[in-house]
Student: 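Sharing a structure, written as structure tokens. Questions coming.
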Amino acid sequence: MNKKIVAFGEIMARLHTPGFLRFRQALPGALDVTFAGAEANVAASIALLGGRAAFVSALPAHSIADACLGTLRNLGVDVSHVIRSERGRLGLYFVEAGANQRPSNVIYDRDYSSVALEPGASYDWASIFSGASWFHITGITPALSKNAADVSLQAVQAARKAGLTVSCDLNFRKKLWRWEAGVSPNALAKMVMGELLAFVDVLIANEEDVQDVLGIKIEALDADSGSLDVEKYPGIARKVVSVFPGVKKIAFTLRESISATHNNWGGMLYDAAADEAFFAPTAGGEYSPYEIRSIVDRIGGGDAFSAALVFALNDEVLRDDSRALGFAAAASCLCHSVTGDFNFSTKEEILALAGGKTSGRIVR
């Protein structure tokens with residue numbers, strides 16, 4: 001993989017309660033601090049897989065942001081185009097991990113972050129995209145502010161002009177999308193992302209994103225029920241393409257939530273030109289999701305899927321739709337076993353799982 005993959009968005013400090021403690025149990029007290037953000041998670045995972053990844057953002061000029069960039073740099077991510085800004089602050093988010101029937105809880109503290117305030121004129125997209133073949137963005141960054149939404153649109157327009165393939169993970173966050181008074185988060189997301197998706201080639205989402213952001217009605221699909229009717233997903237993809245005909249591929253993550261620590265997991269990839277859908281993982285030619293019964297940390301699992309899919313679609317060996325999807329589903333499954341947002345699973349481990357090695361036996 002010679003061409004670089006560029007991701008744009010916000011990276012934050014993640015503050016996590018130890019183990020499964022609740023905030024009121026852990027505080028006052030120490031929290032574990034790492035760095036994370038959807039687009040940065042993707043860049044980090046691609047670099048860890050051996051790809052060329054660059055991350056673009058804006059961060060304040062202080063030593064904690066230095067540590068943040070150092071983390072990405074040490075993983076092999078190019079951070080040379082991250083703006084050190086006099087505007088704004090480092091965003092934060094707080095996590096208490098759920099267990100069994102108690103869900104995980106996330107509290108955002110992201111208002112007035114540097115990337116939310118940095119104007120579009122600060123980004124030299126022609127230079128950023130030099131030598132790149134792919135650009136990745138999510139629906140989280142436009143949710144931060146009107147300015148961030150404008151910059152996101154400018155970025156995909158510049159990527160299209162530069163001839164890059166553009167991927168977007170819808171990633172609807174109902175706690176965000178609050179920057180337009182009198183407009184609901186769903187309506188605001190639909191308006192902004194509808195304009196942005198005109199420049200997207202590969203769309204990544206789940207069934208809730210499609211309903212909440214795109215306003216496409218889906219009948220009898222409830223991820224919280226612990227069971228999905230996967231045969232309906234190709235039809236959902238066709239509905240999306242009918243509204244956004246420029247989208248060439250659509251990937252759905254398929255999560256069945258039995259509890260906070262027990263999920264079934266897989267994915268679908270739909271090719272619009274061939275009108276063909278692939279599912280992974282499979283057994284005997286039928287979709288058979290991974291059963292993840294002891295989740296260590298599910299946050300970042302979707303980003304691991306996006307990263308592995310983008311990596312595979314840029315890889316000469318893995319770029320076949322079926323293989324690329326199988327690689328992405330296995331990568332994201334393994335990410336559920338890793339603490340923190342970044343997927344530290346190796347390419348070899350992912351290929352082994354995708355090839356059917358599911359026992360978890362010690363490698364000696």
Side-chain angles (χ1 to χ4, degrees), residues 41-42 45-46 48-49 97-101 103-104 169 171 204-209 221-234 236-237 250-270 277-313 318 320-363:
N41 298 343
V42 169
S45 291
I46 289 172
L48 284 162
L49 290 170
N100 301 319
Q101 281 66 42
S104 297
D169 187 340
N171 262 342
I204 303 163
N206 61 29
E207 71 288 335
E208 291 175 319
D209 294 333
L221 282 175
D222 182 8
D224 293 330
S225 69
S227 178
L228 295 177
D229 185 355
V230 298
E231 293 182 358
K232 295 188 177 183
Y233 280 80
I236 299 169
I250 299 175
F252 286 129
T253 55
L254 305 176
R255 183 188 296 277
E256 297 171 322
S257 296
I258 291 88
S259 74
T261 40
H262 179 191
N263 289 182
N264 292 337
W265 179 260
M268 186 203 80
L269 182 61
Y270 173 78
F278 303 89
F279 289 87
T282 59
E286 299 292 328
Y287 174 65
S288 179
Y290 293 114
E291 294 187 27
I292 312 173
R293 294 183 178 274
S294 300
I295 294 174
V296 173
D297 190 341
R298 64 157 284 182
I299 297 177
D303 301 327
F305 179 92
S306 296
L309 181 66
V310 171
F311 175 87
L313 290 174
L318 298 171
D320 170 79
D321 281 351
S322 180
R323 291 200 70 185
L325 176 65
F327 187 79
S332 53
C333 174
L334 288 175
C335 187
H336 288 72
S337 71
V338 180
T339 300
D341 283 42
F342 297 167
N343 188 8
F344 286 91
S345 305
T346 67
K347 183 179 180 181
E348 291 72 25
E349 290 168 337
I350 296 166
L351 289 172
L353 178 57
K357 294 184 179 180
T358 61
S359 68
R361 293 186 65 181
I362 297 175
V363 178

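Computed from heavy atoms alone, side chains included, the values below leave out hydrogens, waters and symmetry copies. Owing to the predicted nature of the structure, the values given are computational and were not obtained by experimental measurement. The chain is numbered in sequence order, starting from 1.
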Student: Taking all atoms of both residues into account, what is the closest heavy-atom pair of A307 and I46, and its distance?
Tutor: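 Of all heavy-atom pairs spanning A307 and I46, the closest is O-CG1, 3.7 Å.
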
Student: On a heavy-atom basis, which atom in A331 and which in A308 lie closest, and how many Å separate them?
Tutor: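 Answer, listing the atom of A331 first, then A308: CB-CB, 3.5 Å.
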
Student: Hey, is the main chain of G98 close enough, under 3.5 Å, to the side chain of S104 for a donor-acceptor pair?
Tutor: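 Judged by distance alone, yes, a pair lies under 3.5 Å.
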
Student: Considering residues at least two apart in sequence or located in another chain, which fulfil the side-chain hydrogen bond (donor to acceptor under 3.5 Å, both in side chains) criterion with S345?
Tutor: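 Scan of S345 (side-chain hydrogen bond (donor to acceptor under 3.5 Å, both in side chains), adjacent residues dropped) gives N343.
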
Student: Could you state the interatomic distance from CD (E348) to CG (L49), rounded to the nearest 0.5 Å?
Tutor: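 It is 9.5 Å, given to the nearest 0.5 Å.
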
Student: Out of curiosity, N263 CG to S294 OG, how far, rounded to the nearest 0.5 Å?
Tutor: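 OG of S294 is found 11.5 Å from CG of N263.
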
Student: Can you name the residues that form a side chain to side chain contact (heavy atoms under 4.5 Å, CB included) with A251, not counting sequence neighbours?
Tutor: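 Result, side chain to side chain contact (heavy atoms under 4.5 Å, CB included) vs A251: I204, L269, F305, L309.
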
Student: For residues I236 and Y270, determine if any side-chain heavy atom of one lies less than 4.5 Å from a side-chain heavy atom of the other.
Tutor: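 I236 does not reach Y270 side chain to side chain.
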
Student: Once side chain to side chain contact (heavy atoms under 4.5 Å, CB included) is applied, do any residues pair with S337, and if so which ones, sequence neighbours excluded?
Tutor: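 S337 satisfies side chain to side chain contact (heavy atoms under 4.5 Å, CB included) with no other residue.
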
Student: Minimum heavy-atom separation for L318 and K347, please, with both atom names.
Tutor: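 Here L318 and K347 meet closest at CD1-CE, 4.3 Å.
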
Student: Are the side chains of N171 and D303 in touch, meaning some heavy atoms are under 4.5 Å apart?
Tutor: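 Touching, per the 4.5 Å side-chain cut-off.
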
Student: Nearest 0.5 Å, please: how far is CD in E291 from CD in E256?
Tutor: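 Going from CD on E256 over to CD on E291, the span is 9.5 Å.
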
Student: Run the side-chain hydrogen bond (donor to acceptor under 3.5 Å, both in side chains) test against D321 and tell me which residues pass, sequence neighbours left out.
Tutor: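 Scan of D321 (side-chain hydrogen bond (donor to acceptor under 3.5 Å, both in side chains), adjacent residues dropped) gives K249.
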
Student: Taking ring pair (Phe, Tyr, Trp, His ring centres under 6.0 Å) as the definition, give me every residue that meets it alongside F252, ordered by chain and number, with sequence neighbours left out.
Tutor: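 F252: ring pair (Phe, Tyr, Trp, His ring centres under 6.0 Å) contacts with Y233.
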
Student: With sequence neighbours left out, write down each residue that passes ring pair (Phe, Tyr, Trp, His ring centres under 6.0 Å) with H336, or none if nothing qualifies.
Tutor: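 Applying ring pair (Phe, Tyr, Trp, His ring centres under 6.0 Å) to H336 gives W265.
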
Student: So how far is it from R298 CZ to S332 OG, rounded to the nearest 0.5 Å?
Tutor: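 Between atom CZ of R298 and atom OG of S332 there are 11.5 Å.
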
Student: Locate the shortest heavy-atom distance separating A277 from P234; write the atom from each residue and the value.
Tutor: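 Minimum heavy-atom separation between A277 and P234: CB-CG, 3.8 Å.
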
Student: Which heavy-atom pair separates A280 from A329 by the least distance, and what is that distance?
Tutor: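 In terms of heavy atoms, the two residues are closest at O-CB, 4.0 Å.
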
Student: Give me each pair satisfying ring pair (Phe, Tyr, Trp, His ring centres under 6.0 Å) with a member in residues 278-301, each pair once, sequence neighbours excluded.
Tutor: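 Only F279-Y287 qualify under ring pair (Phe, Tyr, Trp, His ring centres under 6.0 Å).
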
Student: Sequence neighbours left out, what passes salt bridge (charged side-chain N to carboxylate O under 4.0 Å, His left out) with E349? Give chain and number order.
Tutor: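 Scan of E349 (salt bridge (charged side-chain N to carboxylate O under 4.0 Å, His left out), adjacent residues dropped) gives none.
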
Student: Kindly write out the residues that satisfy side-chain hydrogen bond (donor to acceptor under 3.5 Å, both in side chains) with S45, not counting sequence neighbours, or none if the list is empty.
Tutor: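 S45 satisfies side-chain hydrogen bond (donor to acceptor under 3.5 Å, both in side chains) with no other residue.
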
Student: Nearest 0.5 Å, please: how far is CZ in R255 from CD1 in I292?
Tutor: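 It comes to 7.0 Å.
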
Student: Could you tell me which non-hydrogen atom of A330 sits nearest to which non-hydrogen atom of L353, and how far apart they are?
Tutor: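 For A330 versus L353, the nearest heavy atoms are O-CD2, 3.6 Å.
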
Student: N100: which residues meet the side chain to side chain contact (heavy atoms under 4.5 Å, CB included) condition with it, sequence neighbours left out?
Tutor: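 Counting only residues at least two positions away or on another chain, N100 forms a side chain to side chain contact (heavy atoms under 4.5 Å, CB included) with T261.
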
Student: Any chance you could lay out the side chain to side chain contact (heavy atoms under 4.5 Å, CB included) test for D169 and V42, step after step, and finish with the verdict?
Tutor: CA-CA 10 Å; D169 187 340; V42 169; over 6 Å; no

Student: Between the side chain of D297 and the main-chain N/O of G340, is any donor-acceptor distance below 3.5 Å?
Tutor: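 Present.
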
Student: My understanding is that only residues two or more places apart in sequence, or in another chain, count here; which of them pass salt bridge (charged side-chain N to carboxylate O under 4.0 Å, His left out) with D341?
Tutor: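 Partners of D341 under the salt bridge (charged side-chain N to carboxylate O under 4.0 Å, His left out) test: R14.
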
Student: Measuring from K357:NZ to L351:CG, what's the distance to the nearest 0.5 Å?
Tutor: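 Here the interatomic distance stands at 10.5 Å.
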
